[in-house]
Amino acid sequence: MLSYLKNKSLEVLKAMLPLVAVIIIMQFTLLKMPLEQFWQFFAGVIMAISGMILFLVGLEIGILPMGQAIGAELPKRRSFPLLIIVAFLLGFVATIAEPDVIVLTGQIASVTDGEIGANILTFIIGIGIAFFVAMALLRIVFGFRMIYLMAASYLVIIILAFFTPAQFVPVAFDAGGVTTGPMTVPIILALGLGFSSALAGRSAISDGFGLIGLASVGPIIAIMIMGILLY
Amino acid sequence: MSFAAIFGGFGDTFIGVIKALLPILVLFIIFQLFFLKLPKKYIYNLMVGTAIAGLGLLLFLQGVHVGFLPAGEAIGKYLGNIESYWLLIPFGFFIGFLTTWTEPAVRVLCDQVEKASASSIRKTTVLVAICVGVAVFVALGMAKIIYGIPLLYIVVPGYIIALLMMWFSDKSFLSIAFDAGGVATGPMAVTFLLAIAVGISSAMEGRDPILHGFGLIALIALAPILSVMTLGFLARIRKRKKEL
């Protein structure tokens, strides 16, 4: 656990410190926020950094092993419907626990004054991912080529984009970007790799990868459809 | 500095964390009871880990809520009121480059690409390609806010280019390219850049934060896909040359 703590601390600090430095430099040269606000920012940064470190450590020793245990158990059961249902559920629960997703949906809800609610948005994003994770696993089973599935999804996105109400377009595309975070990626990868290694004759490399890319397409399509249906 | 400000909305954040983590816990417990039947000691360790993750998520979200989001918005408001808007474009380039350069997930991807190319494409090349790609797209994102360009005008051609490049890129690069979309959109880039973009577009006259503020993350996700595919295209040309 200590080695995790050290690695994750370095990782988080490396990613965050340059940005924090830019903000501090801007504060003293250009922004000049009131001192109270600056201290609040500073306290927030320390909370966010230590929080991210704890989250990643806890993820590594608590949540990811759960996801892996489920992912490894699935192919043993040899029950096709169970497999797809659980892949769907796992994709969903991992997504709604993703920090970026929580931040984005909160931001959208606050900018729209709650007109697009955070809960419903998170739900739709989760469903979008879940659907595509299940589909990506079906692809491995049936030996479809990744490139066709990907090309088809991109085409669907481009077509839907022209029918989606304008205010949903940026939200939909952003949702596609945030879903690939520290929570979903390892769980989905574990699911895919466990899956394709259990199916004889298919190489883990070419089948397991590409899942993340496909999964991030899911929320884009899901939110666009939601926009078309609701507004 | 008042503690009330730092812990403002703490209750909501707490409920948010419970809502986020409860479903995965329930799914696991169902699995444990019916299929897995792992030893108690192991389950205990997992629960400790989950509790740590929950505490971390709570601190992170609260810190973002009281620290990064207000700061990002303050910066955005400041930038939305400067006289020469074009300055935002180099600013976007710089911030895009910086956040990508420091993102650990990007380094992992660079190693993968080097391996896929059988070392014919160096790690550093990939790193620079991805950083420049993201930088250009964040700069484009700024231009989008300044000139009110609809997101579709940038994203649709981007996806069409990706679609076309799929057929010309070296096959071992393809799945890496698609998975690469996520690497540059870490939690930091998302919260901070998003807050800046929303701040700018709410400060600028005639800009709607929903239409113009959002969309930046989408561009950051698209950039590495195109960068890696371009490298895959180059790798294929090199291979051909060797064969001839």
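Order of the sequence lines sets the chain letters (A, B, ...), proteins ahead of strands, with each chain counted from 1.
- For M26(A), the part lying near chain B is the side chain, with the backbone staying farther off; criterion is any non-hydrogen pair under 4.5 Å.
- Contacts between I108(A) and chain B at a heavy-atom distance below 4.5 Å involve backbone atoms as well as side-chain atoms.
- Ring geometry for W101(B) against F97(B) counts as parallel: the plane angle stays under 30°, on a 0 to 90° scale with 60° as the upper cut.
- Options I187(A), L30(A), L56(A) differ in how many heavy-atom pairs under 4.5 Å they form with chain B, and the most are formed by L30(A).
- If you measure heavy-atom distances from A218(B) to chain A, the contacts under 4.5 Å come from both the backbone and the side chain.
- Note on E103(B), K77(B), M166(B), Q32(B): by heavy-atom pairs under 4.5 Å with chain A, the leading option is M166(B).
- For a residue to count as touching a neighbouring chain, one of its non-hydrogen atoms must lie under 4.5 Å from one of that chain's; by this rule L90(A) touches chain B with backbone and side chain alike.
- Proximity to chain A (any heavy atom under 4.5 Å) is restricted, for I95(B), to the side chain, taken from C-beta onward.
- For chain A, the nearby part of L151(B) is the side chain; its heavy atoms alone come within less than 4.5 Å.
- When heavy atoms are compared at a cutoff of 4.5 Å, F192(B) approaches chain A solely by way of its side chain, counted from C-beta outward.
- Ring geometry, F178(B) versus Y154(A): the interplanar angle exceeds 60°, so the pair is classed perpendicular (tilted spans 30 to 60°).
- Neither the backbone nor the side chain of V48(B) comes within contact range of chain A; no heavy atom of the residue lies under 4.5 Å from a heavy atom of that chain.
- Both the backbone and the side chain of I96(A) come within contact range of chain B, each with at least one heavy atom under 4.5 Å from a heavy atom of that chain.
- Of the residues considered (Y42(B), Y78(B), F68(B)), Y78(B) shows the highest number of contacts with chain A, using heavy-atom pairs under 4.5 Å.
- Contact count against chain B (heavy-atom pairs under 4.5 Å) is highest for I70(A) among L19(A), T122(A), V101(A), I70(A).
- Only the side chain of T99(B) comes within contact range of chain A, judged by heavy atoms closer than 4.5 Å.
- Of the two parts of F31(B), only the side chain, counted from C-beta on, holds a non-hydrogen atom closer than 4.5 Å to a non-hydrogen atom of chain A.
- For A195(B), the parts sitting under 4.5 Å from any heavy atom of chain A are the backbone and the side chain alike.
- Contact tally against chain A (heavy-atom pairs below 4.5 Å) for I225(B), L21(B), L55(B), I75(B): the top residue is I75(B).
- In this structure, the portion of L174(B) lying under 4.5 Å from any heavy atom of chain A is its side chain and not its backbone.
- Options L69(B), V155(B), V64(B), T50(B) differ in how many heavy-atom pairs under 4.5 Å they form with chain A, and the most are formed by T50(B).
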